[in-house]
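Written below as structure tokens is the structure these notes are about.
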Amino acid sequence: MTDKVHLGHRARKRFGQNFLFDESIIDKIVTAIDPKPEDNLVEIGPGLGAITEPVADLSGHLTVVELDKDLAQRLIEHPFLGPKLTVNQGDAMKFDFASLVRDDKKLKVFGNLPYNISTPLLFHLFEFADHIEHMHFMLQKEVVKRMVAGPGSKTFGRLSVMTQYYCNAMPVVEVPPECFKPAPKVDSAVIRLIPKKAEQRTAKSVKILNTVCLEAFNQRRKTLRNSLGNLLTAEELTSIGIDITLRAESLSLQQFIDIANWIYDNKQ
């Protein structure tokens, strides 16, 4: 049996499947999630249930979203775990997470996210920030570094700005490749995301904020005068209080919001 087969299931590369099996890491993740019977818990990509089982034991019930039909069916038919789950077989990228909110109880979302779609999936989840209490995700370690990076860091970029616009982000634990079957070629890490309140998110248009980030970091070696030239003139940037000789990585989250709001007010 190869290292791509775990608990009788062959990992599928197209789904980015790497199954966590290290008990000490699993315990740390479950402790961070802190599941309780009254919680509205949602797991993305439960796979073979490494995290699902201990969370279900503590909470009694949770909802899972699983793309792999075979794994979804396996969970449904599981003699002990199955009765504790509501299984949604489908693509988390297209899933309406707001539909799972009940009795005004916000979601606690967690999962080992496929690394090949982690960034677009995070952006999809950010759209449901008002319905989520907290999130815990296993991601590529480099992605976690980018999410928590601050201004002035070489890893500070669009993902940093948009993550920190929506959430307070904190690393939880680093996870080496040998904790998975099959072992990925990269190091992993778990991140904790706590969505900010709506009144803390002051961009008048998230779409414009995202566009500003795309333009600014697309040519991150250029100064803002040049990288944002398609959106604003040097004079307009200066009027907002932006130093046009800086690069995008030097701006704060608030400065990105200020630029986006100026565009919304003056160029719509």
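Since the model is a prediction, treat every value here as computed from it, not as a measurement.
Using a 4.5 Å heavy-atom threshold, the side chains of F110 and M138 count as separate. For the pair V206/Y166, a side-chain contact is recorded, criterion being any heavy-atom separation below 4.5 Å from C-beta on. Between I242 and Q255, some side-chain heavy-atom pair lies under the 4.5 Å cut-off. Side-chain contact between P46 and L71 is absent, with no heavy-atom pair separated by less than 4.5 Å. Annotation: side chain of L193 is not in contact with side chain of L125 (no heavy-atom distance under 4.5 Å). Contact check for M135 versus C167: side-chain heavy atoms found under the 4.5 Å cut-off. In this structure the side chain of N218 never reaches within 4.5 angstrom of the side chain of S227, judged on heavy atoms. Here the side chains of D187 and P177 are in contact, with some heavy-atom distance below 4.5 Å.
By the criterion of side-chain heavy atoms lying less than 4.5 angstrom apart, applied directly or through intervening Ile, Leu, Val, Met, Phe, Trp or Tyr residues, I240 is grouped together with I263 in one hydrophobic cluster. V186 and V173 fall within the same hydrophobic cluster, where Ile, Leu, Val, Met, Phe, Trp and Tyr residues are linked whenever their side-chain heavy atoms come under 4.5 Å apart, directly or through other members.
Within 6.0 Å of atom OH in Y264, 12 or fewer heavy atoms from other residues, nucleotides or ligands are found, so the atom counts as exposed in its surroundings. The local environment of NZ in K196 is crowded, with over 12 non-hydrogen atoms from other residues, nucleotides or ligands closer than 6.0 Å. Other residues, nucleotides and ligands contribute over 12 non-hydrogen atoms within 6.0 Å of the NZ atom of K84. Counting heavy atoms of neighbouring residues, nucleotides and ligands inside a 6.0 Å radius, atom NZ of K154 does not exceed 12 of them. For D104, the CG atom counts as loosely surrounded, since its 6.0 Å shell holds 12 or fewer non-hydrogen atoms of other residues, nucleotides or ligands.
Residues passing the salt bridge (Lys or Arg N to Asp or Glu O under 4.0 Å) test with K36, sequence neighbours excluded: D34.
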*Can you check side-chain contact (heavy atoms from CB on, under 4.5 Å) on V144 and F137, steps first, answer last?*
CA-CA 9 Å; V144 170; F137 294 128; over 6 Å; no
*Do D130 and R201 pass the salt bridge (Lys or Arg N to Asp or Glu O under 4.0 Å) test, and can you show the C-alpha distance, the side-chain angles, and the key distance before you say yes or no?*
CA-CA 11 Å; D130 291 334; R201 306 195 304 268; 2.8 Å; yes
*Any chance you could lay out the side-chain contact (heavy atoms from CB on, under 4.5 Å) test for R158 and F123, step after step, and finish with the verdict?*
CA-CA 11 Å; R158 180 176 74 115; F123 275 68; 3.5 Å; yes
*asked:* Is there a side-chain contact (heavy atoms from CB on, under 4.5 Å) between V172 and K28? Walk through the geometry before answering.
replied: CA-CA 8 Å; V172 175; K28 289 177 182 178; 5.7 Å; no
_Go through it in stages, so that I can follow the logic: the residues are I76 and L85, the test is side-chain contact (heavy atoms from CB on, under 4.5 Å), and I'd like the CA-CA distance, side-chain angles, deciding distance and then a yes or no._
CA-CA 7 Å; I76 291 169; L85 303 180; over 6 Å; no
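Among the candidates I33, T31, I26, the single residue satisfying the side-chain contact (heavy atoms from CB on, under 4.5 Å) test with I29 is I33.
A donor-acceptor contact shorter than 3.5 Å is absent between the side chain of E43 and the backbone of E66. Without hydrogens or angle criteria, H131 side chain to S99 main chain gives no donor-acceptor distance under 3.5 Å. Between the side chain of R146 and the main chain of T155, no donor-acceptor pair closer than 3.5 Å is present. When atom types are taken as modelled, the side chain of N261 and the backbone of T202 share a donor-acceptor pair closer than 3.5 angstrom. At least one donor-acceptor pair closer than 3.5 Å links the side chain of D91 to the backbone N or O of M93. Without hydrogens or angle criteria, N40 side chain to L100 main chain gives a donor-acceptor distance under 3.5 Å.
Note that the CD atom of E174 and the SG atom of C179 stand 11.5 Å from one another [nearest 0.5 Å].
Taking the six-membered ring for Trp and the full ring otherwise, F256 and F217 have centroids separated by under 6.0 Å.
Scanning all heavy atoms of the two residues, the minimum distance from Q89 to L67 falls at NE2-O, 2.7 Å. Counting all heavy atoms, side chain and backbone alike, I132 lies closest to P195 at O-CG, 3.4 Å.
The cationic group of R220 does not satisfy the cation-pi geometry with F156, failing either the under 6.0 Å distance to the six-membered ring centre or the 45° limit from the ring axis.
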